[in-house]
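Below you'll find the structure, written out as structure tokens, and then a few comments.
Every number for a ligand or one of its atoms is a count from 1 in the order of the listing. Residue numbers count from 1 along this sequence.
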Amino acid sequence: MPSDTLLITGGAGYIGSHTVRHLLEQHERVVVLDNLVFGHRDALPADRVTLVEGDMADAALVERVFAEHAPEAVLHFAAFAYVGESVTDPLKYYRNNLAAPLTLLEAMQRHGCRRFIFSSTCATYGDPVRVPIDESHPQSPVNPYGASKWMLERVLRDCDTAWGLKSVFLRYFNASGCHPSGEIGEDHDPETHLIPLVLQAAAGKREHITIFGTDYPTPDGTCIRDYIHVCDLASAHALALDYLRGGGETIAVNLGTGRGFSVREIIATAEAVTGKTIPVRHGARRAGDPAELVADPALALKVLGWKAARLDPREHIESAWKWMSRPHGGRYRK
Ligand code: UFG
């Protein structure tokens with residue numbers, strides 16, 4: 001019999017740790033499974049979370065976790081997420097993002113755990129044929145990262161057909177920002193995401209930010225993205241859990257604001273927030289970057305009762321700047 005414990009893979013990572021914090025505030029009981037390859041022990045409150053340090057591909061370990069905690073649901077964050085690396089080393093991505101979760105799913109099937117919340121991505125859509133992107137948009141990923149997530153969505157649908165696994169595929173747009181407390185935040189190594197890189201340039205930790213492409217068919221020539229605050233992502237997970245607890249069927253849901261901002265707009269906002277001039281260079285387009293990715297988030301409101309509360313990227317940048325301005329400079333000890 002499942003207990004009321006939630007198993008969170010990748011719970012020590014950026015989005016996972018913010019979600020853990022939110023779930024704890026909702027009085028949920030949480031067990032985190034994280035191999036700490038990209039996750040940080042210090043991103044979790046040690047006194048309130050059981051951290052099992054290990055890999056979801058370790059069948060014996062996963063079996064022990066299920067036998068001991070009998071989780072009611074799994075929130076699955078653990079994945080590699082470097083799009084460029086996925087192109088040069090696709091097997092690494094298919095191994096970790098597609099094959100490894102099968103071990104987890106086998107344990108769920110054995111133990112009668114039938115609720116799964118999956119960190120999917122707008123990268124499953126590939127180059128958009130229309131914007132804003134709703135969930136019925138064709139899925140045609142253009143890199144192995146997006147493909148690995150898209151394939152796992154398919155696996156999860158097949159598990160629903162075969163043994164009644166109910167999943168919510170949360171298709172994140174561009175996660176950004178940090179917890180307003182400044183206590184947890186974004187710490188990737190290497191960092192590739194726009195907002196932390198821009199703020200590193202503002203802090204003098206890098207010489208400049210390079211804009212990848214200024215000749216896109218957008219008003220200012222730079223790419224447009226839908227920046228969704230990590231705390232809004234966290235609250236969506238809690239609502240997805242309510243949805244499944246209420247008997248909801250397997251469904252894919254976009255998590256975005258429905259508003260797009262260009263690279264130049266992000267840099268200008270970061271200059272306003274930090275009061276610093278950010279040195280900018282103009283570079284070539286980055287392979288695989290669509291000109292514009294903006295969500296149609298209407299379905300999330302309809303089925304989950306969720307809508308982003310932090311619509312202005314200024315708030316995202318302020319919270320990220322607060323995190324980076326701490327004595328540790330936005331880096332966890334471990
Ligand atoms: N960018 C720059 N310079 C940089 C870094 C980024 O101009 O140094 C631009 C990119 O070209 C892009 C925008 O800033 O137009 C945002 O880039 P990010 O790397 O921050 O994020 P992506 O849009 O590449 O995010 C994508 C997908 C997500 C996916 C994520 C994985 O949109 O679905 O990669 O990390 F999850």
> Side chain of Asp232, backbone of Arg310: donor and acceptor closer than 3.5 Å?
Replying inline: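 Yes; at least one donor-acceptor contact below 3.5 Å.
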Structural part of [X] in contact with ligand 1, heavy atom criterion under 4.0 angstrom:
{"X": "Ile209", "result": "side chain"}
{"X": "Asn174", "result": "side chain"}
{"X": "Thr192", "result": "backbone"}
{"X": "Val263", "result": "side chain"}
{"X": "His193", "result": "both"}

Suppose I only count heavy atoms of [X] and a 4.0 Å limit; which atoms of ligand 1 are within that range?
{"X": "Val83", "result": "31 (C), 34 (O)"}
{"X": "Thr121", "result": "28 (C), 29 (C), 33 (O), 36 (F)"}
{"X": "Leu293", "result": "32 (O)"}
{"X": "Ile211", "result": "7 (O)"}
{"X": "Cys223", "result": "15 (O)"}

Considering heavy atoms of the protein only, find what lies nearest to [atom] and give residue, atom and distance to 0.1 Å.
{"atom": "atom 11 (O) of ligand 1", "value": "Asp289 OD2, 2.6 Å"}
{"atom": "atom 20 (O) of ligand 1", "value": "Leu194 N, 2.8 Å"}
{"atom": "atom 3 (N) of ligand 1", "value": "Thr210 O, 2.8 Å"}
{"atom": "atom 17 (O) of ligand 1", "value": "Arg286 NH2, 3.5 Å"}

Taking every non-hydrogen atom, the tightest pair across [X] and [Y]:
{"X": "Ser262", "Y": "Glu265", "answer": "N-OE1, 2.8 Å"}
{"X": "Asp296", "Y": "Asn254", "answer": "O-ND2, 3.4 Å"}
{"X": "Pro196", "Y": "Glu191", "answer": "CG-CD, 3.5 Å"}
{"X": "Leu165", "Y": "Cys113", "answer": "CD1-O, 4.0 Å"}

Is the shortest N/O to N/O distance between [X] and ligand 1 below 3.5 Å?
{"X": "Ala81", "result": "yes"}
{"X": "Tyr227", "result": "no"}
{"X": "Phe212", "result": "yes"}

Between [X] and [Y], does at least one N-O distance fall below 4.0 Å, as a salt bridge requires?
{"X": "Arg286", "Y": "Asp289", "answer": "yes"}
{"X": "Glu85", "Y": "Lys92", "answer": "yes"}
{"X": "Glu63", "Y": "Arg110", "answer": "yes"}

> Atom NZ in Lys149, atom CZ in Phe118: separation rounded to 0.5 Å?
Replying inline: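 Rounded to the nearest 0.5 Å, the NZ-CZ separation comes to 4.5 Å.
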> What do you reckon, does Tyr145 put a non-hydrogen atom under 4.0 Å from ligand 1?
Replying inline: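 True for this residue.
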> Would you say the side-chain atoms of Tyr172 and Ser119 include a donor-acceptor pair closer than 3.5 Å?
Replying inline: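 The answer is yes; a qualifying pair exists.
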>> Could you check whether atom 26 (C) of ligand 1 has a protein contact, counting only heavy atoms that fall below 4.0 angstrom?
In response: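 For atom 26 (C) of ligand 1 the answer is no, since every protein heavy atom stays at 4.0 Å or beyond.
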>> Set out, in order, the CA-CA distance, both residues' side-chain angles and the distance that settles side chain to side chain contact (heavy atoms under 4.5 Å, CB included) for Asn97 and Tyr145, then state yes or no.
In response: CA-CA 8 Å; Asn97 294 3; Tyr145 165 70; 3.9 Å; yes
>> Using the side-chain hydrogen bond (donor to acceptor under 3.5 Å, both in side chains) definition, which of the options Glu135, His137, Glu153 pairs with Arg171?
In response: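 The passing option is Glu153.
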